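Keep in mind the model is a prediction, meaning the values are calculated, not measured. In this chain, residues are counted from 1 in sequence order.
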Amino acid sequence: MTHSIVVADRDPSISELVVGELCADGYTAVAASAVGALALCLTNHRPDLVVLGDFDLGPGSHARLLRSLRAGEQPFSAADSAVAVIVLCGEGEPGQLSMLRCFAAGADDYLAKPAAYLELLARLRAVLARTAAPRRPPVVRIGALELDCASRRAAYGGRALELSKTEWRLLDRLASEPGRVHTKADLLRDVWGYDPDARTRVVEAYACRLRRKLAEAGADAETIANHRGVGYALTAAEMPGDVT
């Protein structure tokens with residue numbers, strides 16, 4: 001399978017060089033030289049990985065961009081918030097602090113400039129090997145629950161669910177592995193882009209909202225099961241149907 005990669009850096013010479021090398025190595029790669037262009041690439045191309053370079057947005061800009069991406073905030077509201085990201089950070093950044101901030105914000109790997117292409121390629125292959133998974137179909141059905149991943153719409157028993165962007169992301173994350181108990185720490189990181197150790201009850205609040213909206217559409221109260229002290233799982237055991 002050919003992996004799709006976006007190389008994002010304000011310096012076109014860096015982006016074009018990396019894109020050219022990646023294409024020579026059999027990848028599909030495109031360049032983005034501004035944040036808006038990156039958001040469009042993420043929305044239109046749905047890449048497997050992003051090499052996130054510099055955009056001159058001030059100290060901590062890599063971490064801020066990552067948090068916005070992971071949380072599905074503008075301009076990344078239509079992008080895949082779970083896309084793999086390797087940060088390629090400028091020499092002027094305080095390395096250790098920048099690295100820690102980027103990993104806390106959801107980076108999959110981190111390299112400081114100047115970085116040799118062969119090292120970037122090795123890191124890229126390792127990240128893709130870790131994160132590679134079969135692409136989900138455009139429509140996922142779990143019992144009476146249906147999720148249209150392209151339009152980010154959901155329905156239960158044919159009744160549309162009016163979900164906020166965050167409610168959709170939470171339901172989509174739970175539906176990615178139905179039956180599995182997703183820990184609160186995992187959900188904080190994957191849905192909100194928070195530090196997993198953050199003290200907040202945002203997961204509980206949004207799980208409650210989802211339960212209420214599902215119940216209004218006819219779902220059982222335990223469709224989203226609360227495993228106290230651990231996390232939440234999406235169940236549809238009482239409804240016949242397979243994940244397709």
request  = Identify the two heavy atoms, one from Ala31 and one from Ser15, that lie closest to each other, and give their separation to 0.1 Å.
outcome  = CB-CB, 3.7 Å
query = Would a 4.5 Å heavy-atom cut-off, applied to side chains only, mark Val139 and Leu147 as touching?
reply = no
ask   = So, does Arg141 use its side chain to make a donor-acceptor pair with the main chain of Glu146 at under 3.5 Å?
value = no
ask   = Is there a donor-acceptor contact under 3.5 Å linking the side chains of Ser176 and Arg173?
value = yes
NZ/NE/NH1/NH2 to OD/OE distance under 4.0 Å, Asp48 and Arg130 = no
query = Stepwise, does the side-chain contact (heavy atoms from CB on, under 4.5 Å) test hold for Asp109 with Phe103?
reply = CA-CA 7 Å; Asp109 206 343; Phe103 278 123; 4.3 Å; yes
message = I'd like to know if Arg169 pairs up with Asp172 as an ion pair, taking the criterion as any Lys NZ or Arg NE/NH1/NH2 lying under 4.0 Å from an Asp or Glu carboxylate oxygen.
response = no
key: Whether Arg123 side chain and Ile86 backbone form a donor-acceptor pair below 3.5 Å   = no
Pro178 and Ile142, any side-chain heavy atoms less than 4.5 Å apart = yes
Side-chain ion pair, Lys184 and Glu204, N-O less than 4.0 Å = yes
inquiry  = Between Asp148 and Arg153 (salt bridge meaning N to carboxylate O under 4.0 Å), is one present in this structure?
reply    = no
task = Sort and list the pairs that fulfil side-chain hydrogen bond (donor to acceptor under 3.5 Å, both in side chains) and have at least one residue in residues 16-29, not counting sequence neighbours.
result = Asp25-Tyr117
inquiry  = To the nearest 0.5 Å, what is the distance between CZ on Arg101 and OH on Tyr110?
reply    = 10.5 Å
remark   = Value for CG (Leu214) from CG (Leu171), rounded to nearest 0.5 Å, stands at 6.5 Å
query = So, do Leu161 and Leu145 sit near enough that their side-chain heavy atoms are less than 4.5 Å apart?
reply = yes
Salt bridge (charged side-chain N to carboxylate O under 4.0 Å, His left out) assessment of Asp9 paired with Lys113 = CA-CA 12 Å; Asp9 197 288; Lys113 292 178 181 177; 2.7 Å; yes
task = Could you check Phe76 against Val35 for side-chain contact (heavy atoms from CB on, under 4.5 Å), going step by step and ending with a plain yes or no?
result = CA-CA 9 Å; Phe76 305 114; Val35 174; 4.1 Å; yes
ask   = Can you check whether Val18 reaches Leu120 side chain to side chain, under 4.5 Å on heavy atoms?
value = yes
remark   = Correct closest heavy-atom pair for Ala155 and Gly158 would be CB-C, 4.3 Å
Under 3.5 Å: donor-acceptor pair, side chain of Thr43, backbone of Ala39 = yes
message = Side chains of Asp220 and Thr223 only: does a donor on one sit below 3.5 Å from an acceptor on the other?
response = no
ask   = How far apart are the closest heavy atoms of Arg152 and Ala78, and which atoms are they?
value = NH2-C, 4.3 Å
ask   = Roughly how far, to the nearest 0.5 Å, is the CG atom of Leu52 from the SG atom of Cys102?
value = 7.5 Å
inquiry  = Main chain of Ser81, side chain of Arg70: is a donor-acceptor contact present, judged purely on distance under 3.5 Å?
reply    = yes
task = Measure the CG-CG distance between Leu170 and Leu163 for me, rounded to the nearest 0.5 Å.
result = 9.5 Å
key: Joint hydrophobic cluster, Leu210 plus Val181, side-chain heavy atoms closer than 4.5 Å   = no
task = Establish whether Leu17 and Val51 are linked, either directly or via other cluster members, by ILVMFWY side-chain heavy-atom contacts under 4.5 Å.
result = no
Flag side-chain contact, heavy atom, 4.5 Å: Tyr206 against Leu187 = no
request  = Quick one: closest heavy-atom pair of Gly179 and Ala233, and the distance?
outcome  = O-CB, 4.0 Å
inquiry  = Could you report the tightest heavy-atom contact between Ser77 and Gln74, atom names first, then the distance?
reply    = OG-NE2, 3.3 Å
salt_bridge(Lys213, Glu167) N-O dist < 4.0 Å = yes
ask   = Are any side-chain N or O atoms of His62 and backbone N or O atoms of Gly53, one a donor and one an acceptor, separated by less than 3.5 Å?
value = yes
query = Do the side chains of Asp11 and Asp54 get nearer than 4.5 Å, heavy atoms only?
reply = no
inquiry  = Here's one to test your reading of the geometry: is the NZ or CZ of Arg159 within 45 degrees of the ring axis of Tyr156 and under 6.0 Å from its centre?
reply    = no
ask   = Please walk me through it: do Leu124 and Leu49 pass side-chain contact (heavy atoms from CB on, under 4.5 Å)?
value = CA-CA 8 Å; Leu124 181 147; Leu49 184 142; 4.1 Å; yes
query = Below 4.5 Å, heavy atoms only, C-beta onward: do Val50 and Leu42 meet side chain to side chain?
reply = yes
ask   = Side chains of Val30 and Val7: does their closest heavy-atom pair fall under 4.5 Å?
value = no
ask   = How long is the gap from CG on Asp186 to CD on Glu177, to the nearest 0.5 Å?
value = 9.5 Å
task = Carefully, step by step, assess Leu111 and Val87 under the rule side-chain contact (heavy atoms from CB on, under 4.5 Å).
result = CA-CA 6 Å; Leu111 270 173; Val87 172; over 6 Å; no
ask   = Does Phe55 belong to the same Ile/Leu/Val/Met/Phe/Trp/Tyr cluster as Val83, with side-chain heavy atoms less than 4.5 Å apart forming each link?
value = yes
Nearest atoms (heavy-atom pairs only) where Ala29 meets Val19 = O-CG1, 3.6 Å
remark   = Residue set satisfying side chain to side chain donor-acceptor pair (under 3.5 Å) with Glu222, at least two apart, ordered chain then number -> none
